[in-house]
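Structure first, then comments.
Not measured: the values here are computed from a predicted model.
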Amino acid sequence: MVIMIKRNSPKEKIEHLVTWLQEKEFIVRQFHGEDQLVLGIIGKTATLDLEMLQSLDIVETASQMSDPFKAANRKMHPEDSIISIGGVKIGGGNFDIMAGPCSVESREQITYIAQKIKEAGVGLLRGGAFKPRTSPYDFQGLKDEGLELLKEARKATGLPIVTELMDAKQIHLFEDIDCIQVGARNTQNYDLLKEIGKTKTPVLLKRGLAGTIKELLMSAEYIMANGNENVILCERGIRTYESDYTRNTLDLSAVPVLRKLTHLPIVVDPSHGTGKADLVPSMALAAAAAGADGLMIEVHNDPANALSDGPQCLTPEEFHTLAGQIRQIREVITQ
């Protein structure tokens with residue numbers, strides 16, 4: 001349920017309404033807009049008397065929500081959320097890029113790439129320490145060592161780090177990580193989402209391999225319902241009939257659709273979305289033009305010999321050029 005409070009309503013009357021709702025065991029979320037307060041009510045709201053609520057002198061409107069996602073819903077939170085990752089803001093007009101290798105391979109590799117992407121004006125370093133792979137024989141990541149190497153690269157460059165958490169049992173290892181990534185394979189791992197929800201660490205939540213937009217929002221709801229509202233959504237392509245020429249089908253229409261449905265920031269990953277380095281620049285520019293709040297792009301100093309996903313990685317030089325083009329697109333659409 002959404003309750004719009006009239007402008008200039010007495011503070012004590014608002015507090016009385018909130019307390020009354022909480023005593024009835026409803027979760028009440030308060031969202032302060034520029035000049036109006038919105039109360040988002042979560043629980044079995046069908047038991048509430050709409051006519052009674054609308055008769056209150058401080059209530060402008062009260063209405064039930066048909067959408068199954070509540071906390072992530074723009075009706076609950078009309079203004080865009082701004083999520084801070086180690087001081088780097090995403091959303092609400094703030095744009096940045098998460099760049100780096102698919103997998104952390106060595107101290108020299110991750111530090112070199114971190115330095116290069118920083119030179120390109122990027123604010124966030126991404127890199128995989130734990131890697132979910134289709135084949136059990138493929139490189140699975142450096143694991144704990146990979147996390148430590150990411151932290152070293154952060155110390156050397158000042159770039160906050162984004163890396164994937166695969167198992168709730170590993171969550172204690174991520175206490176000093178700036179942003180937890182939930183990969184496509186774990187988007188509907190609800191036990192993992194619940195545990196992440198108990199932290200306050202920002203979360204980059206990727207869309208499932210064949211997930212719908214509603215399923216993505218419901219996964220975000222699991223995290224938010226457990227207390228962590230620092231969620232960033234990531235469109236990374238979905239599996240369709242096409243398999244010969246692209247790894248996935250990048251659904252850029254998801255950006256404006258999500259913008260309408262939710263207040264959460266939206267990031268696009270054209271690397272996984274296409275699977276081919278020569279397609280990444282055009283899709284990255286298209287995503288920026290579509291209104292994404294950020295991009296996630298894979299960068300490797302030697303893509304031909306990368307231990308994972310080399311075909312979709314840009315070289316630092318290619319990325320530097322692309323970063324400049326992205327800034328130009330952003331300047332146009334924000335005028």
Got a salt bridge between [X] and [Y], using NZ or NE/NH1/NH2 to carboxylate O under 4.0 Å?
X    : Y    : answer
D96  : K89  : no
D309 : K131 : no
K155 : E152 : no

Going by the rule ring pair (Phe, Tyr, Trp, His ring centres under 6.0 Å), which residues pair with Y112 if we only count those two or more places apart in sequence or in a different chain? none
According to ring pair (Phe, Tyr, Trp, His ring centres under 6.0 Å), who are the partners of H263, at least two apart in sequence or on a separate chain? H77
Among K206, R207, R247, which residue satisfies the salt bridge (Lys or Arg N to Asp or Glu O under 4.0 Å) criterion with D269? K206
Sequence neighbours left out, what passes side-chain hydrogen bond (donor to acceptor under 3.5 Å, both in side chains) with D57? Give chain and number order. K13
Does a sphere of radius 6.0 Å around [atom1] in [X] hold more than 12 heavy atoms from other residues, nucleotides or ligands, not counting ones at 6.0 Å or beyond?
X    : atom1 : result
D49  : CG    : yes
R7   : CZ    : yes
R239 : CZ    : no

Scan side-chain atoms only and decide if Q64 and T45 contain a donor-acceptor pair under the 3.5 Å cut-off. yes
Acceptor/donor pairs from residues 22-29 side chains to any protein atom, 3.5 angstrom cut, sequence neighbours excluded:
| from | atom 1 | to | atom 2 | distance (Å) |
| --- | --- | --- | --- | --- |
| R29 | NH1 | E229 | OE2 | 2.0 |
| R29 | NH2 | M224 | O | 3.2 |

If the condition is side chain to side chain contact (heavy atoms under 4.5 Å, CB included), which residues does Q115 pass it with, not counting sequence neighbours? T111, T157
For the side chain of Q109 and the backbone of V104, is there at least one donor-acceptor N/O pair under 3.5 Å apart? no
May I have the list of side-chain donor-acceptor pairs in residues 317-325 shorter than 3.5 Å, sequence neighbours left out?
| from | atom 1 | to | atom 2 | distance (Å) |
| --- | --- | --- | --- | --- |
| E318 | OE1 | T315 | N | 2.9 |
| E318 | OE1 | T315 | OG1 | 3.4 |
| T321 | OG1 | E317 | O | 3.4 |

